[in-house]
**Q** 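Next up is a structure, given as structure tokens.
As the structure is a prediction and not an experimental result, all values here were calculated from the model. In what follows, residues are counted from 1 in the order of the sequence shown.
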Amino acid sequence: MDALSLSRLGRLSLFVCALAAVAPLTGCGVGAINSSSSAQALQVHGTIMGGNQPVAGATIHLYAAGKTGYASAATDLLTQTVTTDQFGMFNLTGLYTCGSATDQMYLAAVGGNPGLPSGTNPALVEMVVIGDCSTLGSSTILNVTEVTTAAAAYALQAFSGDYAHIGSSATNLTGIRNAMLDAQLIASTSTGIAPVLPSTQSTETTKLYTFADALASCVNSDGGSGCQPLFTAATPAGGSAPTDVWSAALDIVRNPGHNVTEVYNTLPAQVPFMPTLTSAPSDWTMTFSTSNANFTLPTAVAVDSLGNVWAGSANASIAGFTAQGASLAGSPYSHQSFAETFGVAIDGNDNVWATSEETPVRSSISKGSVFEWAAASSSSPGSLVNTIGDTTFSFPESIAWDTNGTMIVGNYYGGSAGGNATILDLSMNVLYTNVGLGYAPLVQGVVPDANHGVWFALNSSTMTTHAPLNSSVTPTQISCCDNGNAIASDPAGNLWVSNYGSSSVSEISPANTVLINQASGGGLASPSALVIDANGNLFVPNYHGASLSVIAGSLGAKTPASAISPAPGYGRDLSLIQPFATAVDASGNVWMTDRGANKIVMFFGLAAPTRTPMTAFPAVP
């Protein structure tokens with residue numbers, strides 16, 4: 001931790017000591033604290049800071065996030081007006097009641113004087129994320145800074161409108177709860193700066209502090225001309241300029257490749273947070289990375305209904321992580337017959353299914369199997385539940401669940417006949433074998449269609465194939481692609497293929513019509529396994545491009561297949577080595593395996609919240 005951060009902690013300690021000693025608190029809008037009482041329940045206090053300056057006269061709002069829709073109205077729980085004193089301090093003792101222990105809480109500070117000779121800053125809106133209302137108590141200290149404001153914007157952008165409108169649908173309370181916890185991976189609620197994470201985890205702290213410094217340029221001003229450079233730089237292409245610090249932070253987070261240098265150039269001459277980047281970053285995305293010393297060469301990745309993340313490995317294991325990146329107990333999990341896996345899918349009970357392409361080493365006899373591992377919520381998470389072996393498996397690589405509960409296993413190689421698919425029922429009985437192609441390319445990916453047929457991504461072909469289950473119907477060969485590495489369906493049933501050979505993507509309609517053929521841009525470079533979120537946008541790891549590309553789908557306002565990410569892609573500041581596969585979660589995060597660096601990377605809030613575990617057609621949670 002740098003010297004300036006330590007000095008901020010020391011100053012916070014002084015504020016807390018002063019707060020405990022003063023009763024009543026001048027300027028806080030509350031009465032005296034009964035120091036003779038041993039019960040200090042619901043005694044929440046803290047400070048509002050503008051860089052290194054306390055913010056006096058800021059109005060405090062303690063909100064419970066809405067539950068009636070995304071960006072729905074939050075409920076201010078304070079029973080009277082609270083403002084900060086001359087030291088930026090506030091006290092909420094006895095001024096609120098939790099409606100529910102699991103209400104998702106955040107605090108907003110609005111207006112106030114950040115050290116000006118006179119007047120206030122009407123554009124000052126700072127935030128800190130709290131999480132479960134039950135976590136508030138007598139030991140709670142909230143230090144609100146530009147760092148906590150940035151953290152809230154990164155984690156909650158998919159749930160946010162203005163500071164009074166942050167909420168989720170009633171069916172995605174898990175998503176917003178995990179997002180609140182995610183914010184605390186970026187900034188500590190008690191210190192107002194980046195937390196100390198375990199050695200296996202990291203965030204981009206220097207970029208975070210640089211972003212916070214840019215916000216400070218507006219916070220520590222009168223809200224007029226001092227904020228204009230930030231507001232101009234944050235304005236989305238074709239959009240309206242933000243009018244306060246919170247909306248500016250959201251605009252930057254939602255458009256992380258836009259005006260990157262212009263945002264950087266708003267940094268004040270004397271920055272309050274250090275270390276700071278010496279030049280503009282490649283983008284303003286924020287990431288979290290996690291690893292496990294016993295887990296190497298990560299490949300496929302999937303997310304269960306609780307937000308736990310599961311990743312396969314080319315090194316004979318599967319690993320489980322919590323929604324905040326901590327390794328699950330006993331992870332990684334393996335078995336003497338389990339070998340390299342390139343396909344992971346999660347069923348409706350949160351059990352984890354993974355292909356084992358070889359059993360256990362490459363041979364002409366051992367042609368692979370499928371393993372089932374127990375859900376994270378089970379009494380024995382990660383324990384082996386089932387092993388499925390069948391003579392129809394032929395180096396199974398990809399795996400997908402259909403909406404009717406059947407499982408499709410894509411066989412990479414089937415000899416002279418090429419790859420094919422094996423389809424199993426809920427009891428893992430083989431229903432169909434050799435669901436195939438009619439020619440001999442290698443199958444890299446599979447996804448079901450609306451009628452329970454199969455679409456194939458073909459690694460050794462300039463085509464894709466669509467095979468109905470009816471054996472009397474000849475599979476349709478579609479000229480569209482170039483060494484397809486993965487295939488996925490969007491919410492409307494259109495198919496998208498990532499083309500490893502031409503560094504592009506292709507789109508095919510459910511009726512086998514090529515809509516877009518080999519569109520490039522957005523940093524696409526030898527793309528690997530793609531995923532599509534509930535808004536229909538594509539998230540594509542670039543195996544030889546060391547980045548993540550985001551490509552517009554066909555459902556939004558942007559031109560289909562146009563680049564959302566900048567030319568090099570996102571994540572260029574991370575020194576990625578071999579990005580392999582992606583998954584999206586119900587908080588709107590994008591998880592990506594980095595095979596070459598032996599880690600899992602999470603991009604905060606880059607996608608639309610998407611129902612997990614994912615089925616064939618992405619949906620809003």
**Q** I'd like to check the side chain to side chain contact (heavy atoms under 4.5 Å, CB included) partners of Ala597; sequence neighbours left out, ordered by chain and number.
**A**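 In terms of side chain to side chain contact (heavy atoms under 4.5 Å, CB included), with neighbours along the sequence ignored, Ala597 is linked to Ile577, Asp594, Lys599.
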**Q** Quick check for you: to the nearest 0.5 Å, what is the distance between Arg595 atom CZ and Leu297 atom CG?
**A**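 Spacing of CZ (Arg595) from CG (Leu297) equals 5.5 Å.
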**Q** Just verifying a value: how many Å separate Thr593 OG1 and Asn598 CG, rounded to the nearest 0.5 Å?
**A**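 These two atoms lie 11.0 Å from each other.
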**Q** Answer yes or no: is there a donor N or O on one side and an acceptor on the other, between the side chain of Thr84 and the main chain of Gly57, under 3.5 Å?
**A**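 Yes, because the side chain of Thr84 sits within donor-acceptor range (under 3.5 Å) of the backbone of Gly57.
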**Q** Tell me whether Ser188 contacts the main-chain N or O of Ser190 through its side chain, where contact means a donor paired with an acceptor under 3.5 Å.
**A**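 Yes.
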**Q** For the pair Thr148 (side chain) and Gly192 (backbone), establish whether a donor and an acceptor sit closer than 3.5 Å, ignoring hydrogens and angles.
**A**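 No, because the side chain of Thr148 does not come within donor-acceptor range (under 3.5 Å) of the backbone of Gly192.
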**Q** Mind telling me whether Phe211 and Trp284 have parallel, tilted or perpendicular rings, with 30° and 60° as the class edges?
**A**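 Judged by the thresholds at 30° and 60°, the geometry between Trp284 and Phe211 is tilted.
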**Q** Output yes when a side-chain donor or acceptor of Ser565 lies under 3.5 Å from a complementary backbone atom of Ser549, and no otherwise.
**A**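 No, the answer is negative, given that no donor and acceptor are paired below the 3.5 Å cut-off.
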**Q** Do you know the tightest heavy-atom contact between Phe231 and Ala123?
**A**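 In terms of heavy atoms, the two residues are closest at CZ-CB, 4.1 Å.
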**Q** Short question: side chain of Asp533, backbone of Thr610 - any donor-acceptor pair under 3.5 Å?
**A**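 Looks like no, no N/O pair under 3.5 Å.
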**Q** Scan side-chain atoms only and decide if Asp585 and Thr612 contain a donor-acceptor pair under the 3.5 Å cut-off.
**A**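 No.
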**Q** Could you check if a side-chain atom of Ile166 sits within less than 4.5 angstrom of a side-chain atom of Gln104, using non-hydrogen atoms only?
**A**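 Of all side-chain heavy-atom pairs linking Gln104 with Ile166, none is under 4.5 Å.
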**Q** Under a 3.5 Å cutoff, is there a donor and acceptor pairing between the side chains of Asn143 and Thr191?
**A**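 Distance-only check fails for Asn143 and Thr191.
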**Q** Do you know which two heavy atoms are closest between Asn172 and Pro609, and how far apart they sit?
**A**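 Result for this residue pair: ND2-CB, 3.8 Å.
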**Q** Between Asn537 (side chain) and Gly553 (backbone), is there a donor-acceptor pair under 3.5 Å?
**A**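 Yes; judged by distance alone, with no hydrogens or angles, the pair exists.
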**Q** Going through the checks in order, is the side chain to side chain contact (heavy atoms under 4.5 Å, CB included) test met by Val301 and Met592?
**A** CA-CA 7 Å; Val301 62; Met592 183 172 72; over 6 Å; no
**Q** Supply the atom-to-atom distance Asp213 CG to Thr266 OG1, rounded to the nearest 0.5 angstrom.
**A**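 Answer rounded to 0.5 Å: 9.0 Å.
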**Q** Which heavy atom in Ala525 sits nearest to a heavy atom in Asn542, and how many Å separate them?
**A**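 Looking at all heavy atoms of both residues, the shortest contact is N-OD1, 2.8 Å.
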**Q** Report the residue from Cys218, Ser247, Cys227 that forms a side-chain contact (heavy atoms from CB on, under 4.5 Å) with Pro242.
**A**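 With Pro242 as partner, Cys218, Ser247, Cys227 yield a single side-chain contact (heavy atoms from CB on, under 4.5 Å), made by Ser247.
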**Q** Taking Phe159 as the fixed residue, which of Tyr70, Tyr154, Tyr106 is the one that meets the ring-ring contact (aromatic ring centres under 6.0 Å, His included) rule?
**A**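 Single pass found, and it is Tyr70.
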**Q** Donor-acceptor pair, His544 side chain versus Tyr500 backbone, under 3.5 Å?
**A**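 Side chain of His544 to backbone of Tyr500: no pair is present.
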**Q** Under the 3.5 angstrom rule, does the side chain of Asn485 hit a backbone N or O of Ser498 as a donor-acceptor pair?
**A**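 Side chain of Asn485 to backbone of Ser498: no pair is present.
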**Q** Locate the shortest heavy-atom distance separating Tyr543 from Ser528; write the atom from each residue and the value.
**A**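 The answer is CB-CB, 4.4 Å.
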**Q** Parallel, tilted or perpendicular: which one describes the rings of Tyr63 and Tyr163, with boundaries at 30° and 60°?
**A**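 Correct class here is tilted.
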**Q** Quick check against the 3.5 Å criterion: does Gln201 have a side-chain atom that pairs as donor or acceptor with the backbone of Phe288?
**A**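 Such a contact is absent between Gln201 side chain and Phe288 backbone.
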**Q** Regarding Asn178 and Ser587, is there a side-chain donor-to-acceptor distance under 3.5 Å anywhere?
**A**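 The answer is no; no qualifying pair exists.
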**Q** Who pairs with Arg177 by salt bridge (charged side-chain N to carboxylate O under 4.0 Å, His left out), at least two apart in sequence or on another chain?
**A**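 Per chain and number, Arg177 pairs via salt bridge (charged side-chain N to carboxylate O under 4.0 Å, His left out) with Asp132.
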**Q** Could you give the distance from CG (Asp283) to CG (Asn255), rounded to the nearest 0.5 Å?
**A**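 Rounded to the nearest 0.5 Å, the CG-CG separation comes out at 12.0 Å.
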**Q** For the residue pair Phe295 and Phe321, categorise the inter-ring angle as parallel (less than 30°), tilted (30 to 60°) or perpendicular (more than 60°).
**A**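 Correct class here is perpendicular.
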**Q** Supply the atom-to-atom distance Thr149 OG1 to Leu124 CG, rounded to the nearest 0.5 angstrom.
**A**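 Separation between the atoms: 8.5 Å.
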**Q** Closer than 3.5 angstrom, by distance alone: can the side chain of Tyr264 be matched with the main-chain N or O of Thr278 as a donor-acceptor pair?
**A**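 Yes.
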**Q** Considering non-hydrogen atoms only, spot the tightest contact between Glu204 and Met286 and give its length.
**A**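 Scanning both residues, the minimum pair turns out to be O-CE, 3.6 Å.
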**Q** Can you name the closest pair of heavy atoms from Ile318 and Ser331 and give their distance?
**A**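 So the two residues come closest at O-OG, 4.5 Å.
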